[in-house]
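Numbers here simply count residues along the sequence, with the first being 1.
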Amino acid sequence: MENNEINNFIKVWLIILLSLSYCYIITKLISKGIKRLFLFLPIVSLFLFLPLNLYSINLCGGTAFFISWLANFKLLLLAFQKGPLALKNQSFGLFIAIACLPIEIKTTKETPKRQLINFPIKALLLAILIQFLDHYKQQIHQNLVLVLYCFLIYLLLEIILAITAGLARAVVGLEVEPQFNEPYLSTSLQDFWGRRWNLMVTRILRHTVYQPTIGLISTLMGRKWASIPAIIATFFVSGLVHELMYFYLSRVPPTWEVTCFFVLHGICLTVEIILKKALGDTWRVPKVMSRMLTIGFVMLTGFWLFFPQFLRCKADVKLVQEYANFGSFLRNLL
């Protein structure tokens, strides 16, 4: 990684911290509502632009996810005194930590023992997987490579977010909500997307898209079926934001395959919910089979719609190479 990229990264994050300081002052001076939203919008726009100053897959991707996606959604919620930033009497440090990190404070102080045990195992698996892909990717079948990429993305996200949560605990001194809950144990799409996969994003989308859509649709067609368009709208917005993340990484116009991936999952999730309500407890799929079907569906649709754009811009090659270079740097230090 070039020194110029590191300098740009530092400058970008200094701007982020200054911008969030401005937002903190605004929350103290301006009451919730349209006026506060209007004063937040220049920062929201700036946060959409800042990742374009970075080219590293890790630095650009992490900044885009933390700031252009999560921080922006948190600020939009905060404009109306909602969401994870809407804590009473919070300190400046806590505000900055919650705003720029993918965390949400929880009330309980316990960290599940399973997470503490699994973390080093998953970190080791990630290191092995990166080394394997770096050295042997060209020698194995492309379909197997795609399967390994599924594990790579999951392990990479969980490790990065777990490290972020650990830093937040060390700096802020508070326990944060978990980001993942063993998604490979999912027994349905509802279980996968609602209770196990990237839960910070799930919570943010619930507040910013799902609940407002429920409220709007309920006034038009009643609450009984309002959840269906709300689910589709939530997955559609998630698809659009993923397209934006891909744009930051590739700098090429979107192909909308990723949006199609999320809309497809939204449709299939609504069908699943309707079938569960219709069948009730009269018919249940064994857990082993339901887990295989759920993870198989997620992976196969990922091969079809999620990964092609990722592979065309060679983000996979750059990602693995950056981590391999970082590993070599650490070995040289030792």
Ring-ring centroid check Phe180 Tyr154, cutoff 6.0 Å:
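Yes, they do, as the ring centres are separated by less than 6.0 Å.
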Do Tyr246 and Phe306 have ring centres separated by under 6.0 Å?
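Centroid separation for Tyr246 and Phe306: below 6.0 Å.
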What's the spacing between Lys276 NZ and Gln190 CD if we round to 0.5 Å?
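So the gap between those two atoms works out to 4.5 Å.
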What's the spacing between Ile232 CD1 and Thr270 OG1 if we round to 0.5 Å?
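Rounded to the nearest 0.5 Å, the CD1-OG1 separation comes to 4.5 Å.
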Between [X] and [Y], what is the ring plane arrangement, given parallel below 30°, perpendicular above 60°, and tilted in between?
X	Y	value
Trp193	His265	perpendicular
Phe307	Phe310	perpendicular
Phe235	Phe262	tilted

Applying the salt bridge (Lys or Arg N to Asp or Glu O under 4.0 Å) test to Glu182, which of Arg291, Arg195, Lys122, Arg196 qualifies?
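The passing option is Lys122.
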Ile26 versus Arg36, closest heavy-atom pair with distance:
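For Ile26 and Arg36, the tightest heavy-atom pair comes out as CG2-CG, 3.9 Å.
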Going by distance alone, is a donor N or O of one side chain under 3.5 Å from an acceptor N or O of the other, for [X] and [Y]?
X	Y	answer
Ser186	Trp197	no
Glu322	Ser56	yes
Thr259	Glu243	yes

Quick check against the 3.5 Å criterion: does Glu272 have a side-chain atom that pairs as donor or acceptor with the backbone of Leu189?
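Indeed, once roles are kept as given, a pair shorter than 3.5 Å links the two residues.
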Is atom NZ of Lys82 surrounded by more than 12 heavy atoms (other residues, nucleotides or ligands) closer than 6.0 Å?
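No.
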Single-linkage hydrophobic cluster [X]~[Y], side-chain heavy atoms < 4.5 angstrom:
X	Y	result
Val263	Met245	no
Ile121	Phe151	yes
Leu216	Ile34	no

Going by the side chain to side chain contact (heavy atoms under 4.5 Å, CB included) test, name the single residue among Glu104, Glu158, Met200 that passes it with Gln179.
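Exactly one candidate clears the test, Met200.
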